[in-house]
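Below, chains carry the letters A, B, ... as their sequence lines are ordered, and counting in each starts from 1.
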Amino acid sequence: MDEYTFTENFNNQGRPSKTYLCYEVERLDGDATIPLDEYKGFVRNKGLDQPEKPCHAELYFLGKIRSWNLDRNQHYRLTCFISWSPCYDCAQKLTTFLKENRHISLHILASRIYTNNHFGCHQSGLCELQAAGARITIMTFEDFKHCWETFVDHKGKPFQPWEGLNVKSQALCAELQAILKTQQN
DNA sequence: ATTTTCAAT
């Protein structure tokens, strides 16, 4: 991913009409975590501006996971950094996937919380996803930095945080915690 | 075309 794409999409104060999702996979073996570099990359959604059928980024990600045919006798942790948190529909599909694939753990780190929904309530989607075992958090400075170093063609340049990164991240984190807490009661 | 949250208006 080039620098511009990363900054344009992951800046937590922006609101681009597209979504990028960066993913990486580790195999868990007792206390050890073994990174699987062959399963690392990013996808973006297909929007109305493209010839293909519109499709949210998460569904491409699910397709990729399925194509890997990860060994059901092993345990894996998938980490995905997504510029918009999953909508209700995608959250449901991820929930179903996790229930059917107990050998896979999922950690979702979102830059921003997506709230534009037509077919349901994004809050309950995220809650169900959490209840299915997913860990859902908001990206912090360290997460943006990790993404930069892992997925961006940074040409040796260090990650440069934008103005207000931490303040926004903290605000979104509080918002997400309120969402995830409300529905547990 | 404008405003814009994986578009919607």
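Rounded to whole Å, atom P of dC6(B) lies 15 Å from atom OH of Y60(A). The distance from atom NE2 of H56(A) to atom C1' of dT5(B) is 10 Å, rounded to the nearest whole Å. Residue K18(A) contributes atom NZ, which lies 17 Å from atom P of dT4(B) at whole-angstrom precision. Counting to the nearest Å, the C1' atom of dC6(B) and the CD atom of E52(A) are 14 Å from each other. Rounding to whole angstrom units, CG of residue L172(A) and P of dT5(B) are separated by 14 Å. Distance N45(A) CG to dT4(B) P: 19 Å, rounded to the nearest Å. Between K168(A) atom NZ and dT5(B) atom P there is a gap of 12 Å when expressed in whole angstrom units. If you take CG of L126(A) and P of dC6(B), they are 15 Å apart, rounded to a whole angstrom.
Rounding to the nearest 0.5 Å gives a distance of 13.0 Å between CG of N166(A) and NZ of K168(A).
Stacking between W84(A) and dT5(B) is present: the aromatic ring centre lies within less than 5.5 angstrom of the base six-membered ring centre, and the two planes differ by under 30 degrees.
Here F81(A) and H146(A) bring their ring centres to under 6.0 angstrom of each other.
Nucleic acid contact class of S85(A) (heavy atoms, under 4.0 Å, all strands): base.
Side-chain atoms of W84(A) come within 3.5 Å of backbone N or O of P16(A) as a donor-acceptor pair.
Nucleotide dA8(B) has dT2(B) as its partner under the Watson-Crick or G-U criteria, with both atom distances under 3.5 Å.
On a pure distance criterion of 3.5 Å, a polar donor-acceptor pair joins the side chain of T115(A) and the base of dT5(B).
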Between L70(A) and R27(A), does the side chain to side chain contact (heavy atoms under 4.5 Å, CB included) criterion hold? Intermediate values first, please.
CA-CA 10 Å; L70(A) 296 174; R27(A) 189 164 66 78; over 6 Å; no
